[in-house]
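Contents: one structure, followed by commentary.
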Amino acid sequence: MAVIEKLMKSAEADIDVLHALDRQGDRFSIARPVDFLLRAESREKAALVAGFINDYQFGTAKANEDESGHSIQVIITMPVEQNVILSVSGFMQCIAELYGLEYDGWGCSAQTHT
């Protein structure tokens, strides 16, 4: 699949998450920890990408391993207004593409109070 197709598919999934948050009464402008997940084929690749993200302070990244394999969890404290979250999510998709990873989306808790 071409990068542009992956970005478009990711944007559709992001909007679905925003709709779910909206149904919970989320106030999108409130900053909160947002969890992005990248999947890697090896421990070394996960550590490399986590190091890259941390070195350039794109977020707080941690390489993980569990029964599903290797992954990188990236936490960024941010609002989830549509233009903001789609930009950051697209950036994570691009990192995945550059490093040969699978971008597995993002999630966060709904924020209803300031």
Asn83 backbone acceptor or donor facing Ser87 side chain under 3.5 Å: yes
query: Are the side chains of Glu65 and His70 in touch, meaning some heavy atoms are under 4.5 Å apart?
result: yes
Closest contact, heavy atoms only, Ala46 versus Ser71: CB-O, 3.8 Å
Heavy atoms of other groups near Lys62 NZ, more than 12 under 6.0 Å: no
- prompt: Is the number of heavy atoms from other residues, nucleotides or ligands under 6.0 Å of Gln24 CD greater than 12?
  reply: yes
task: Search all heavy atoms of Ser29 against all heavy atoms of Pro79 and return the closest pair with its distance.
output: O-CB, 3.6 Å
query: With hydrophobic residues grouped by side-chain heavy-atom distances under 4.5 Å, do Tyr103 and Phe52 end up in a single group?
result: yes
query: Are Val88 and Phe58 close enough, and set up right, to give a side-chain contact (heavy atoms from CB on, under 4.5 Å), and what steps lead you there?
result: CA-CA 10 Å; Val88 177; Phe58 292 127; over 6 Å; no
- line: Heavy-atom closest pair (Ala50 atom, Ala63 atom, distance to 0.1 Å) is CB-N, 3.9 Å
query: Which heavy atom of Gly25 sits nearest a heavy atom of Thr112, and at what distance?
result: O-CG2, 3.3 Å
task: Apply the test side-chain contact (heavy atoms from CB on, under 4.5 Å) to residues Leu48 and Glu44: give CA-CA distance (whole Å), side-chain angles for both, the deciding distance (0.1 Å), then the verdict.
output: CA-CA 6 Å; Leu48 173 73; Glu44 294 76 21; over 6 Å; no
- line: Applied to residues 100-110, the salt bridge (Lys or Arg N to Asp or Glu O under 4.0 Å) test, sequence neighbours excluded, yields Arg39-Asp104
Atom pair CD1 (Ile76) and CZ (Arg32), whose distance is rounded to the nearest 0.5 Å: 13.5 Å
message: Using 0.5 Å steps for rounding, measure from the SG atom of Cys108 to the CG atom of Leu21.
response: 4.5 Å
- request: Any chance you could measure Leu37, atom CG, to Ile72, atom CD1, to the nearest 0.5 Å?
  value: 8.0 Å
- prompt: Is it the case that one hydrophobic cluster holds both Leu86 and Ile95, taking links as side-chain heavy atoms less than 4.5 Å apart, direct or via other members?
  reply: yes
message: Are the side chains of Ile85 and Val17 in contact, using a 4.5 Å heavy-atom criterion?
response: no
task: Test side-chain contact (heavy atoms from CB on, under 4.5 Å) on Gln73 and Ile75 and set out the steps.
output: CA-CA 7 Å; Gln73 177 187 39; Ile75 305 293; 3.9 Å; yes
message: How long is the straight-line distance from CG of Leu38 back to CD1 of Ile53, given to the nearest 0.5 Å?
response: 5.5 Å
message: To the nearest 0.5 Å, what is the distance between CG on Asn64 and CZ on Arg43?
response: 11.0 Å
query: Honestly curious: do Tyr56 and Tyr99 fall in one hydrophobic cluster under the side-chain, below-4.5 Å linking rule?
result: yes
message: Can you classify the ring geometry of Phe36 versus Trp106 as parallel (below 30°), tilted (30 to 60°) or perpendicular (above 60°)?
response: tilted
query: Is there side-chain contact between Val3 and Leu7, with at least one heavy-atom pair below 4.5 Å?
result: yes
query: From Asp26 CG over to Leu18 CG, what is the distance, rounded to the nearest 0.5 angstrom?
result: 8.5 Å
message: Can a donor-acceptor pair be found, under 3.5 Å and without considering hydrogens, that links the side chain of Asn54 to the backbone of Ala61?
response: yes
